[in-house]
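The chains referred to below are lettered A, B, ... by the order of the sequence lines, with proteins before strands, and numbering in each begins at 1.
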Protein chains: 2
Amino acid sequence: MTDSKRSGSGEVAARRGKRERLTAAAVRMLHEQGVEKTTLADIARAADVPVGNVYYYFKTKDELVEAAIGAHAQSLEAMIASLDQLPAPQDRLKALISGWVEQRELAAQFGCPFGTLSSELDKRADGLDRTAAEVMRILLDWGERQFREMGRTDARDIAVALIASYQGISLLTNTFRDPELMAREGERLERWIDSLATEG
Amino acid sequence: MTDSKRSGSGEVAARRGKRERLTAAAVRMLHEQGVEKTTLADIARAADVPVGNVYYYFKTKDELVEAAIGAHAQSLEAMIASLDQLPAPQDRLKALISGWVEQRELAAQFGCPFGTLSSELDKRADGLDRTAAEVMRILLDWGERQFREMGRTDARDIAVALIASYQGISLLTNTFRDPELMAREGERLERWIDSLATEG
DNA sequence: GTCTATATTTTGATAGAC
DNA sequence: GTCTATCAAAATATAGAC
């Protein structure tokens, strides 16, 4: 078995490694350049994989976009699991906002990584926009649970309002290239969360 | 002067007519399909102008995009002039929100006409994203003036928050293809405007 | 001013050597 | 499994007849 180093688990590791590098590169490039402007060559270069080799891992560009959406879903689930460690729903929500504010420089450069992707996919006929909507719904449902736990009967509406505020301030932060916009809106949202706990 | 019908003011009218049709078609197509997905052929077809003729009016695709931004600026100025007819700033702001809610079906299909454009342009290197930012600033400045007239010292921050809420709910309304999201958020924002007038 | 035909470039995707 | 070379289609832009 002189081929033992090149076959077996070695191949699997290489395969997974490249596939994951391509997915990570896709997430980054789609965020920075958008779906339509990003070419397969861009992604291949960012992943340090030859262009022609991309098709061994992903049959079409859409499959790469789908993999990027999946990666966003995984990140989101991990973030939610982390937030759920906190005992009080108010603190969980405020920790979510803090995370947004921490990413304000990236938002100023390229907007919300998932919001801009979702927005762009909504202009396409295929089903990838529905996949993105599913991911967005995970965050919305989590937010609703927090507000319900705080005793709000309008939990869904204010969860929608919170996520909308984040998506909107991401767009403005990006449009004006001003991370301070996100910081100030974050402070306002945290005060708002506190006020919701005391009000009816 | 056998050519009198084809030269002189007739040509100017035709020229202006086609240019304006192309601009209007660009606005519509860029909204529906996005900048990168929309081809010059798409715009030409929507304007009922032969593809090759487009270049007589616009030297590049970017010039067409710029014209579309200019058209948005004009629409915005017209809307502001109309809102300014109302005597009270609260009513002007609530009329703005009503207008957003009225357009909810279009938002569900394609998002905010200007927000999605601005978001996409921010992913490009050229200066068109700065032009879009100028237009967005017109609305922001107007909102700030209304809140200041209401006696708010935090006028800029809440103007940013209001526009962000609209941009964000447009994105969610589009993502979930649900115009009702915009309607409910509109109601919430109107209650919020009222509460600002009574609070400090 | 208008339009057809076409040049040029880019991009998604494939064939086939190694 | 990897990679080079290349195809085919689409898109921007131009040339030149009318």
Determine whether more than 12 heavy atoms belonging to other residues, nucleotides or ligands lie under 6.0 Å from atom CD of A:Q74.
no
Working to the nearest 0.5 Å, report the span between CG of B:L40 and CG of B:N53.
12.5 Å
For nucleotides 11-17 of chain C, give me one character per nucleotide, 5' to 3': B if any protein heavy atom sits under 4.0 Å from the base, S if the only such contacts are to the sugar-phosphate, - if neither.
SSBB---
I need the full list of ring pair (Phe, Tyr, Trp, His ring centres under 6.0 Å) pairs touching residues 109-128 of chain B, with sequence neighbours left out, sorted by first then second residue.
B:H31-B:F110, B:H72-B:F114
D:dG1 phosphate, OP1 or OP2, under 4.0 Å from A:Y56 side-chain N/O:
yes
Count the heavy atoms of every other residue, nucleotide or ligand shown that sit under 6.0 Å from CZ of B:R188, and state whether that count exceeds 12.
yes
Rounded distance in Å - OH (B:Y57) to P (D:dT14)
17 Å
Would you tell me whether A:T175 and B:S118 have side-chain atoms, one donor and one acceptor, within less than 3.5 Å of each other?
yes
Could you tell me how far apart A:R19 (CZ) and D:dT2 (C1') are, to the nearest whole angstrom?
17 Å
Per the salt bridge (charged side-chain N to carboxylate O under 4.0 Å, His left out) rule, what does the pair list look like for residues 49-69 of chain A, sequence neighbours excluded?
A:D62-A:R124
Taking ring pair (Phe, Tyr, Trp, His ring centres under 6.0 Å) as the test, write out the residues that go with B:F176, two or more places apart.
none
Ordered by number, residues from residues 118-131 of chain B within less than 4.0 Å of DNA chain C (heavy atoms) are none
Qualifying ring pair (Phe, Tyr, Trp, His ring centres under 6.0 Å) pairs with a residue from residues 115-139 of chain B, counting only residues at least two apart or across chains
none
